[in-house]
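Here's the structure we're looking at; comments come further down.
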Amino acid sequence: MLENKKLPIHFTAHALDSARKRGTNQEEVRSAIQGAQWRAAKLGRIEAEMEFPYNGYWNNRYYQSKTVSPVFIVENEEIIVITVYCFYY
């Protein structure tokens with residue numbers, strides 16, 4: 001997969017809402033896109049995944065780490081983030 005991690009990153013409204021509801025932010029999403037290996041996802045999309053220290057509570061449970069996983073496409077010389085997943089452990 002051809003990676004161009006220096007392209008500008010644009011967030012859809014859905015991606016911003018998903019990130020907020022799932023406990024992450026634009027900075028962590030950008031770090032995942034620019035710092036993790038890209039892999040193919042469903043529907044021709046791309047996914048990256050990066051682990052971050054968390055050491056806090058999410059939904060009344062304590063977690064030491066979280067994984068931020070943005071799903072995006074590359075179109076017209078920019079990265080467009082479609083949605084964001086977070087996994088806590």
Side-chain angles (χ1 to χ4, degrees):
M1 172 164 303
L2 183 61
E3 298 180 17
N4 190 343
K5 298 178 180 189
K6 294 185 187 249
L7 292 174
I9 299 174
H10 172 76
F11 290 80
T12 63
H14 174 80
L16 291 171
D17 190 48
S18 295
R20 181 185 56 79
K21 288 179 181 175
R22 294 175 176 153
T24 190
N25 55 49
Q26 289 185 44
E27 182 181 337
E28 289 178 337
V29 171
R30 288 177 192 281
S31 292
I33 291 170
Q34 294 169 338
Q37 186 172 358
W38 294 3
R39 65 176 180 262
K42 293 180 182 178
L43 303 174
R45 297 173 179 170
I46 305 164
E47 185 175 27
E49 185 176 277
M50 182 173 273
E51 184 177 322
F52 294 91
Y54 185 67
N55 297 312
Y57 286 88
W58 183 256
N59 291 333
N60 298 318
R61 289 190 61 192
Y62 182 83
Y63 297 96
Q64 292 182 336
S65 306
K66 71 177 174 181
T67 297
V68 175
S69 182
V71 176
F72 55 95
I73 59 173
V74 176
E75 186 174 271
N76 298 326
E77 296 299 314
E78 71 177 347
I79 295 167
I80 302 170
V81 183
I82 297 167
T83 195
V84 180
Y85 297 103
C86 283
F87 306 98
Y88 293 83
Y89 46 98

| said: Working note: Glu49 + Arg39, criterion side-chain contact (heavy atoms from CB on, under 4.5 Å); need CA distance, chi angles, decisive distance, verdict. | reply: CA-CA 9 Å; Glu49 185 176 277; Arg39 65 176 180 262; 3.3 Å; yes
| task | Of all the heavy-atom pairs spanning Pro70 and Val29, show the shortest one and how long it is. | result | CB-CG1, 3.7 Å
| Minimum heavy-atom separation for Ile33 to Trp38, with atom names? | O-NE1, 2.8 Å
| query | Does Arg20 reach the main-chain N or O of Asn25 with its side chain, forming a donor-acceptor pair under 3.5 Å? | reply | no
| said: Are the side chains of Gln26 and Leu16 in contact, using a 4.5 Å heavy-atom criterion? | reply: yes
| query | Taking atom CG of Asn55 and atom CD of Gln64, what is their separation to the nearest 0.5 Å? | reply | 6.0 Å
| task | Drop me the distance from Ile79's CD1 to Lys6's NZ, to the nearest 0.5 angstrom. | result | 11.5 Å
| Do Val71 and Ile46 come close enough that some side-chain heavy atom pair is under 4.5 Å? | no
| Going by heavy atoms in the side chains, are Ser31 and Phe52 under 4.5 Å from each other? | yes
| Are the side chain of Thr12 and the backbone of Val81 linked by a donor-acceptor contact shorter than 3.5 Å? | yes
| query | Going by atom types alone, do Ser18 and Tyr85 pair a side-chain donor with an acceptor below 3.5 Å? | reply | no
| Under the 3.5 angstrom rule, does the side chain of Ser69 hit a backbone N or O of Ala48 as a donor-acceptor pair? | yes
| task | Would you please test Tyr54 and Tyr63 for ring pair (Phe, Tyr, Trp, His ring centres under 6.0 Å) and show each step? | result | CA-CA 6 Å; Tyr54 185 67; Tyr63 297 96; 7.1 Å; no
| field | Close side-chain approach of Met50 and Val68, heavy atoms under 4.5 Å | value | no
| request: Using the side-chain contact (heavy atoms from CB on, under 4.5 Å) rule, take Arg30 and Phe11 through it: C-alpha gap first, then chi angles, then the decisive distance, then the call. | output: CA-CA 10 Å; Arg30 288 177 192 281; Phe11 290 80; 3.6 Å; yes
| message | Is there a side-chain contact between Glu51 and Tyr89 in this structure, where contact means two heavy atoms from C-beta onward sitting under 4.5 Å apart? | response | yes
| said: If you count heavy atoms of other groups shown closer than 6.0 angstrom to OH of Tyr57, is the number above 12? | reply: no
| field | Distance, nearest 0.5 Å, that separates CD of Glu47 from OG1 of Thr83 | value | 10.5 Å
| request: Indicate yes or no: does Lys66 engage Glu28 in a salt bridge with an N to O separation below 4.0 Å. | output: yes
| Could you give the distance from CZ (Arg45) to CD1 (Ile73), rounded to the nearest 0.5 Å? | 7.5 Å
| said: Please tell me whether Trp58 and Tyr88 form a close aromatic pair, meaning their ring centres lie under 6.0 Å apart. | reply: yes
